[in-house]
Every structure is written in structure tokens, then in C-alpha cells.
Amino acid sequence: MSTPVEITWLLAAVIKGDTAAFERLYAASCAKVYGVVLRIVRRHDLAADVMEEAYLEIWRRAGEFDPAHTTPMAWMVGIARGRAIDLARKLQQAGGEAEPDTADDDGPGTVPRHQLTDELKRLLTCIGRLEPDRQRMLLLAYYGAFTREQLSIKLDMPVNLLRASLRRSLLEVEQCLGP
């Protein structure tokens with residue numbers, strides 16, 4: 001994962017219309033932003049829609065980012081969070097909460113916050129202790145439903161190295177969870 005300084009530089013390049021920088025910005029931030037959005041809308045299909053709208057807004061408003069007032073990640077999460085809250089309110093006004101999307105109902109973000117079990121909280125805490133790159137890799141592999149080959153291409157990493165890194169990450173999570 002990129003540092004706040006690197007993300008700030010990417011945002012500066014996005015202001016100039018640099019699409020490659022925007023792609024790198026998206027790759028560096030999408031996992032965290034998606035997690036926030038999914039917690040709010042609780043449906044993968046809706047979260048994907050919010051992500052698209054949020055990143056379009058980030059593209060358009062990149063010039064408004066001020067590193068003196070906030071971190072780039074907080075700024076981007078704020079945009080996405082606002083979009084997600086607007087959608088959630090709209091759904092509530094249209095007749096209560098939307099029906100859960102059972103086709104994509106396998107991820108941890110689909111569990112309402114009040115229903116998080118102690119085991120799931122421990123698991124998420126242990127995953128949170130991994131390095132950000134390894135967190136992203138682990139979540140993409142197991143909750144993003146990527147095959148090792150797809151993940152290898154997405155992360156630009158040899159399959160054998162990816163497999164070893166996934167194994168080490170899982171062992172660290174297992175050790176963290178304890179007996």
C-alpha cells in the first residue's frame with residue numbers, strides 16, 4: 001500500500017488528468033474504501049455502484065484535496081462514505097432496508113455491525129495486524145474470490161511468491177487467533 005505522501009502525489013497527478021496515476025490511486029486505496037462502503041450499504045452490488053460514483057467524484061474533485069487539512073485516504077473515504085450514506089438513506093426512505101443480495105452474501109462486510117460475533121471481531125483484528133499489502137492480498141484472495149492466477153496478475157506477483165505470502169499471512173492470522 002502507498003504512503004500518504006505517495007497518495008498525495010498521485011492525487012496531484014490526477015488533477016492534471018493522468019489516468020495512469022488514477023489507476024495507481026485506485027489500486028492503492030480501493031480495498032479500504034470498499035470496506036467502508038460495504039459496511040454502510042451491506043450489499044456488494046450496491047457497494048460497487050457507490051465505488052464507481054465515488055471514484056468519479058474523486059477524479060473530478062482531486063483539485064479540492066488539501067493535505068494541510070486531512071490525509072488523502074481520509075478525504076477519499078469521506079467522499080465514498082457520503083455517497084454510501086446517501087444511498088442507504090434513499091433505500092430506507094423507499095421502504096426500509098433493501099433486501100440482502102444473497103448471491104454475494106459471503107463477505108464479512110455483509111454482517112450488520114451489531115451482529116459481529118466475538119470470533120469475527122478477533123479475526124478482523126488479526127487480519128488488521130498484517131502489513132497493508134498482505135491484508136489486501138488476503139482479502140482479495142478469500143473475499144474477492146480471485147484465483148491465485150488472477151490475483152497473481154492483479155498484484156503483479158509470481159504465483160509461487162503469492163502462494164507463499166498467502167500461506168505466511170494465514171499462519172500469522174492463525175497464530176494471532178491462538179488455540
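Please read all numbers here as calculations on a predicted model, not as lab measurements. Throughout, residue positions are numbered sequentially from 1 according to the sequence presented.
- There is a path of hydrophobic side-chain contacts, each under 4.5 Å, that joins I85 to I58.
- Smallest separation of non-hydrogen atoms from G128 and Q135: O-NE2, 2.9 Å.
- Other residues, nucleotides and ligands place more than 12 heavy atoms under 6.0 Å from the CG atom of D66.
- Minimum interatomic distance between V41 and A84 (heavy atoms only, all atoms of both residues): CG1-O, 3.8 Å.
- For the pair M137/S169, a side-chain contact is recorded, criterion being any heavy-atom separation below 4.5 Å from C-beta on.
- In R61, the CZ atom is crowded: over 12 heavy atoms of neighbouring residues, nucleotides or ligands sit closer than 6.0 Å.
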Steps toward salt bridge (charged side-chain N to carboxylate O under 4.0 Å, His left out) verdict (D45, R43)
CA-CA 6 Å; D45 60 329; R43 284 183 38 192; 2.6 Å; yes
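- Between L10 and D18 there is no side-chain heavy-atom pair separated by less than 4.5 Å.
- L130 and L161 end up in the same hydrophobic cluster when Ile, Leu, Val, Met, Phe, Trp and Tyr side chains are linked at under 4.5 Å.
- D49 CG to L87 CG: the interatomic distance, rounded to the nearest 0.5 Å, is 7.5 Å.
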Between E172 and R129, is a salt bridge (charged side-chain N to carboxylate O under 4.0 Å, His left out) present by the stated rule, with each step listed?
CA-CA 9 Å; E172 285 183 34; R129 291 181 181 169; over 6 Å; no
For L91 and L46, what are the C-alpha separation, side-chain angles and deciding distance, and is it a side chain to side chain contact (heavy atoms under 4.5 Å, CB included)?
CA-CA 11 Å; L91 290 172; L46 296 176; 3.5 Å; yes
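- Smallest separation of non-hydrogen atoms from R83 and E57: NE-OE1, 2.7 Å.
- Separating the NE2 atom in H69 from the CH2 atom in W75 is a distance of 14.0 Å, to the nearest 0.5 Å.
- Residues L151 and A141 come closest through the heavy atom pair CD2-CB, 3.6 Å.
- Interatomic distance, L162 CG to S152 OG, rounded to the nearest 0.5 Å: 6.0 Å.
- The hydrophobic cluster containing W9 does not contain L11, counting ILVMFWY residues as joined when their side-chain heavy atoms lie under 4.5 angstrom apart, directly or transitively.
- In this structure, the side chains of Y55 and S29 come closer than 4.5 Å at one or more pairs of heavy atoms.
- Contact of the T3 side chain with the E6 side chain is registered, since non-hydrogen atoms from C-beta on lie closer than 4.5 Å.
- With values rounded to the nearest 0.5 angstrom, L171 atom CG is found 11.0 Å from L166 atom CG.
- Side chains of I79 and M76 form no contact here, defined as non-hydrogen atoms less than 4.5 Å apart.
- Counting only heavy atoms from C-beta outward, the side chains of Y26 and M51 approach each other to under 4.5 Å.
- Relative ring orientation between F22 and W59 is described as perpendicular, the plane-to-plane angle rising above 60° on a 0-90° scale split at 30° and 60°.
- Between A80 and V50, the shortest heavy-atom distance links the atoms O-CG1, 3.8 Å.
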Would you check, one step at a time, whether the test side chain to side chain contact (heavy atoms under 4.5 Å, CB included) holds for K154 with R136?
CA-CA 11 Å; K154 183 171 183 65; R136 180 173 180 253; 4.0 Å; yes
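- The two atoms that bring P72 and T8 nearest to each other are CG-OG1, 3.5 Å, heavy atoms only.
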Yes or no on side chain to side chain contact (heavy atoms under 4.5 Å, CB included) for F65 and I15, after CA distance, side-chain angles and deciding distance?
CA-CA 10 Å; F65 170 68; I15 293 169; over 6 Å; no
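- For the atom pair N160 CG and S165 OG, the distance stands at 12.5 Å (nearest 0.5 Å).
- No continuous path of hydrophobic side-chain contacts links I153 to L140 [ILVMFWY only; heavy atoms under 4.5 Å].
- Both L139 and L170 belong to a single network of hydrophobic side chains, linked directly or stepwise wherever heavy atoms of I, L, V, M, F, W or Y lie under 4.5 Å apart.
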